[in-house]
Amino acid sequence: MFAGMPTITPRLVVTSVPDAIAFYTAVFGAHEHRQFSSPAGVVVHAEITIGDAVVSLTEEVRDWRLLSPSSVGGSPVLLTLECDDPDAVCSRALAHGAQVLIPIADQLYGHREGRIQDPAGHLWILTKLIDTLDDAEIRRRMESFRG
């Protein structure tokens, strides 16, 4: 079915690729690798890396049905960023215009994490493993969860 190992690269639709790249660089340490624009100046493809992950970006073009989160009432997708210090990443994100949706806290499944919405409207879980738990322990803890 696949010639090699398949990969998935998220493509985030944003209203401004330069603004998104500035945010992802300042907050997540992203690096831009390439960018292509149409003759009309629309960024149709930009490629960044965050750690080892490749993320592509494109600007909203309603005629092409490329709609940003603000045009569709929010994002139904959660992107998870594993990081050494989710508290620090969250602080940087806030300083660059993100909103906290779920504060960073120790979670019952062994992670320290929370959720932000970036200025483009995309949702990010900022997480760090703090306790390795087996599935049975996570299930046991979930039974008492009243969320």
Side-chain angles (χ1 to χ4, degrees), residues 1-133 135 138 141-142 145-147:
M1 180 174 209
F2 296 102
M5 181 61 85
T7 60
I8 295 174
T9 302
R11 180 173 295 225
L12 305 181
V13 180
V14 298
T15 55
S16 170
V17 167
D19 289 348
I21 289 174
F23 177 85
Y24 300 140
T25 299
V27 175
F28 301 149
H31 296 281
E32 182 181 351
H33 295 280
R34 53 183 10 176
Q35 188 175 131
F36 303 103
S37 298
S38 73
V42 175
V43 179
V44 295
H45 178 78
E47 187 175 284
I48 62 173
T49 54
I50 301 171
D52 293 335
V54 176
V55 176
S56 70
L57 305 166
T58 190
E59 287 182 339
E60 178 176 81
V61 180
R62 290 175 173 272
D63 291 344
W64 299 348
R65 299 204 35 85
L66 292 173
L67 304 175
S68 68
S70 61
S71 292
V72 297
S75 176
V77 176
L78 293 170
L79 300 156
T80 299
L81 179 68
E82 294 181 29
C83 50
D84 291 335
D85 189 348
D87 296 274
V89 174
C90 186
S91 291
R92 284 196 307 272
L94 285 173
H96 287 88
Q99 296 178 334
V100 173
L101 302 178
I102 298 174
I104 303 291
D106 293 350
Q107 305 297 332
L108 60 90
Y109 42 85
H111 287 243
R112 180 160 183 79
E113 70 180 35
R115 188 180 312 161
I116 63 166
Q117 182 178 32
D118 72 27
H122 293 284
L123 305 175
W124 295 83
I125 295 172
L126 308 176
T127 189
K128 176 184 181 177
L129 180 67
I130 56 173
D131 191 10
T132 304
L133 305 171
D135 290 353
I138 294 171
R141 291 179 179 193
M142 292 296 291
F145 179 65
R146 302 281 181 236

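Under the side chain to side chain donor-acceptor pair (under 3.5 Å) criterion, Glu32 pairs with Gln35, sequence neighbours left out. For Leu78, the side chain to side chain contact (heavy atoms under 4.5 Å, CB included) criterion is met by Arg115, Leu123, Ile125, not counting sequence neighbours. Annotation: ring pair (Phe, Tyr, Trp, His ring centres under 6.0 Å) contacts of Tyr109 (sequence neighbours excluded): His111. Residues satisfying the side chain to side chain donor-acceptor pair (under 3.5 Å) test with Arg62, not counting sequence neighbours, are Ser71. Among residues two or more places apart in sequence or in another chain, the side chain to side chain donor-acceptor pair (under 3.5 Å) test is passed with Thr49 by His33. Applying the side chain to side chain donor-acceptor pair (under 3.5 Å) criterion to Thr58, with sequence neighbours excluded, gives no partner residue.
Applying side chain to side chain contact (heavy atoms under 4.5 Å, CB included) to Pro10 and the options Val55, Val77, Leu57 leaves one that passes, Val55. Only one option out of His31, His96, His122 pairs with Tyr24 in a side chain to side chain contact (heavy atoms under 4.5 Å, CB included); it is His122.
Rounding to the nearest 0.5 Å gives a distance of 4.5 Å between SG of Cys90 and CD1 of Ile104. Expressed to the nearest 0.5 Å, how far CZ of Phe28 lies from CG of Leu79 amounts to 8.5 Å. We find the CD-CD1 distance between Glu113 and Ile130 to be 9.5 Å, quoted to the nearest 0.5 Å. In this structure, the separation between CG on Asp131 and CG on Leu108 is 11.0 Å, given to the nearest 0.5 Å.
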Between Glu60 and Leu67, does a side chain to side chain contact (heavy atoms under 4.5 Å, CB included) hold up when you go through it step by step? CA-CA 5 Å; Glu60 178 176 81; Leu67 304 175; 4.3 Å; yes
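The list of salt bridge (Lys or Arg N to Asp or Glu O under 4.0 Å) pairs with a residue in residues 68-77, not counting sequence neighbours, is empty. Note on residues 74-94: pairs passing side-chain hydrogen bond (donor to acceptor under 3.5 Å, both in side chains), not counting sequence neighbours, are Asp87-Arg112.
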Indicate every side-chain donor-acceptor pair of residues 11-23 with a distance under 3.5 Å to a residue at least two apart or in another chain.
residue, atom, partner, partner atom, Å
Arg11, NE, Ser56, OG, 3.2
Arg11, NH1, Val44, O, 3.3
Arg11, NH2, His45, ND1, 3.0
Ser16, OG, Asp19, N, 3.2
Ser16, OG, Asp19, OD2, 3.3

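Here the closest heavy-atom approach between residue Leu129 and residue Gly110 is recorded as CD1-O, 3.5 Å.
With contacts defined as side-chain heavy-atom distances shorter than 4.5 Å, the pair Arg141/Leu133 qualifies. Looking at heavy atoms from C-beta onward, Trp124 lies out of side-chain contact with Leu101 at the 4.5 angstrom threshold. When side chains are defined from C-beta on, Glu59 does not count as touching Leu66, because their heavy atoms never get closer than 4.5 Å.
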